[in-house]
Every structure is written in C-alpha cells, then in structure tokens.
Amino acid sequence: MTDSEFIAPGENLGRGVFSSRDRNRARRSRVSLNVFLEKEGEARLSVDRLDVAPPAEAIEIADRVATARNRTFYGWAVVVSETAAANGRRVVASPQLDNPYHADIVLPDPAVEDREEQKRHAQELADSSIWRERDSQD
C-alpha cells in the first residue's frame, strides 16, 4: 500500500453535488440523503479526497464529471473518513486515470440488497456531512 492509497481517519471526503436542488437545500439547512444515495444495488459511493487533491484540480475534475453528465458542479457534501467508515462501511482509495484523488465509500453487503438499508446509510452520511461550495478553499 502506497501513501496515496492510505486514507487517514480524519481525511475529508467530498461527494460531488450536481443538482441545484440539493445544493440549495445544503446551503439552507442540511445535506439531502439523495446526495449519498446511489442506484439500487450499488455498493460504492464515489468521493473525492479533498485533503489530498489540490483545490483547483479537484474542481477541474468535478467540472469534467459534470460536463460528461450534462450537469453543473456546485460543490461537495464533505464527510470525514472515520465517519464514512463507520457502521460496517469501508473507505478505499480507488484512483482513476482521470481522477487520481478518487475513493469509494463501500456499503456493507446487506445494504446492497436492501434499499431501506441503503437509504439509512445515505441519511447517516448526509447527517454527518457539511456543505462546501465549489470555490471554497476550506
């Protein structure tokens, strides 16, 4: 395991937000569970390693993802790695050619088979996250 594959317990992980509705809700009150909810049966939630990625590069990568989806990138719902890895979840570095700062929050097997369990994990992650605007350097 290289240093870039090790994810520290306190590392900030950002789940990209590409919906103006989810952004507006996060700015007003709290992050929606929809931000952390993948398609039914999907075990992996894609996140960016915000403490490792240079901020300008993280935004550039997120903008490319948004363009590929014909969407707009607004910011991240940020959750600490230790929290993301609680309750049977795991966090794994999963660098990609187009995003060397990519990681996955992996849901436990029961959540993959049970949509309500998947929603419970999504809500827990959303409740533990904070909003970070795309241009914020925090």
Side-chain angles (χ1 to χ4, degrees):
M1 180 180 295
T2 66
D3 285 345
S4 64
E5 293 173 335
F6 174 75
I7 298 179
E11 190 172 323
N12 288 304
L13 305 173
R15 177 80 168 160
V17 174
F18 303 94
S19 158
S20 61
R21 182 184 195 178
D22 287 336
R23 174 201 188 205
N24 292 338
R25 182 171 179 199
R27 290 175 80 190
R28 279 194 323 272
S29 56
R30 64 183 184 147
V31 174
S32 166
L33 79 92
N34 292 330
V35 171
F36 288 95
L37 190 61
E38 273 293 345
K39 291 176 262 176
E40 198 165 345
E42 181 60 47
R44 292 176 171 263
L45 305 173
S46 180
V47 292
D48 297 310
R49 299 178 66 196
L50 299 177
D51 294 344
V52 178
E57 195 172 343
I59 292 168
E60 181 181 310
I61 290 166
D63 281 339
R64 282 197 311 261
V65 170
T67 299
R69 296 178 180 178
N70 199 26
R71 304 294 301 260
T72 300
F73 169 65
Y74 294 102
W76 293 274
V78 180
V79 63
V80 177
S81 175
E82 185 173 37
T83 301
N87 294 326
R89 296 181 298 265
R90 295 180 298 123
V91 176
V92 295
S94 51
Q96 301 175 347
L97 288 177
D98 60 344
N99 183 357
Y101 314 107
H102 187 270
D104 289 299
I105 298 171
V106 183
L107 300 178
D109 289 341
V112 177
E113 304 298 323
D114 180 347
R115 187 65 170 170
E116 290 307 311
E117 188 68 7
Q118 195 178 13
K119 287 178 183 178
R120 188 185 67 73
H121 283 280
Q123 186 67 64
E124 187 174 291
L125 290 165
D127 289 347
S128 301
S129 70
I130 59 167
W131 175 247
R132 184 184 296 182
E133 282 291 328
R134 64 171 283 133
D135 297 322
S136 173
Q137 301 299 311
D138 295 337

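Computed from heavy atoms alone, side chains included, the values below leave out hydrogens, waters and symmetry copies.
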In the structure I gave you, are the side-chain heavy atoms of [X] and [Y] within less than 4.5 Å of one another anywhere?
{"X": "Arg25", "Y": "Val31", "result": "no"}
{"X": "Phe36", "Y": "Ser129", "result": "yes"}
{"X": "Val91", "Y": "Val106", "result": "no"}
{"X": "Leu13", "Y": "Trp76", "result": "no"}
{"X": "Phe18", "Y": "Arg69", "result": "yes"}
{"X": "Arg23", "Y": "Trp131", "result": "yes"}
{"X": "Val112", "Y": "Glu117", "result": "no"}

Minimum heavy-atom distance between [X] and [Y], given as atom pair plus value:
{"X": "His121", "Y": "Pro108", "result": "NE2-CG, 3.6 Å"}
{"X": "Ala77", "Y": "Val35", "result": "CB-CG1, 3.8 Å"}
{"X": "Leu107", "Y": "Ala111", "result": "CB-CB, 4.0 Å"}
{"X": "Pro100", "Y": "Ile61", "result": "CD-CD1, 4.3 Å"}
{"X": "Ser32", "Y": "Ala126", "result": "O-CB, 3.7 Å"}

Item to complete: Scan for salt bridge (Lys or Arg N to Asp or Glu O under 4.0 Å) pairs involving residues 78-106, sequence neighbours excluded, and state none if there are none.
Response: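 Only Arg44-Asp104, Arg89-Glu124 qualify under salt bridge (Lys or Arg N to Asp or Glu O under 4.0 Å).
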Flag, side chain of [X] to backbone of [Y], donor-acceptor distance under 3.5 Å:
{"X": "Arg49", "Y": "Ala103", "result": "no"}
{"X": "Asp114", "Y": "Pro110", "result": "no"}
{"X": "His102", "Y": "Ser94", "result": "yes"}
{"X": "Asp48", "Y": "Leu50", "result": "no"}

Worksheet item: Can Gln118 and Arg115 be counted as having a side-chain donor-acceptor contact under 3.5 angstrom?
Response: yes
Worksheet entry | From CA spacing to verdict: side chain to side chain contact (heavy atoms under 4.5 Å, CB included), Leu125, Leu45 | CA-CA 11 Å; Leu125 290 165; Leu45 305 173; 3.6 Å; yes
Item to complete: State the CZ-CG distance between Arg120 and Leu37, to the nearest 0.5 angstrom.
Response: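 One gets 13.0 Å once the value is rounded to the nearest 0.5 Å.
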Discussion item. Under the criterion salt bridge (Lys or Arg N to Asp or Glu O under 4.0 Å), I'd like the reasoning laid out for Lys119 against Glu116: C-alpha separation, chi angles, the key distance, then a yes or no.
Written reply: CA-CA 5 Å; Lys119 287 178 183 178; Glu116 290 307 311; 3.6 Å; yes
Practice prompt. Could you point out which residue of Val47, Val52, Asp51 forms a side chain to side chain contact (heavy atoms under 4.5 Å, CB included) with Tyr101?
Written response: Val52
Discussion item. Atom CG of residue position Asp63 - does it have more than 12 heavy atoms of other residues, nucleotides or ligands inside 6.0 Å?
Written reply: yes
Worksheet item: Quick check: are there more than 12 heavy atoms from other residues, nucleotides or ligands sitting under 6.0 Å from CD of Glu57?
Response: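 Buried by this count: over 12 neighbours within 6.0 Å.
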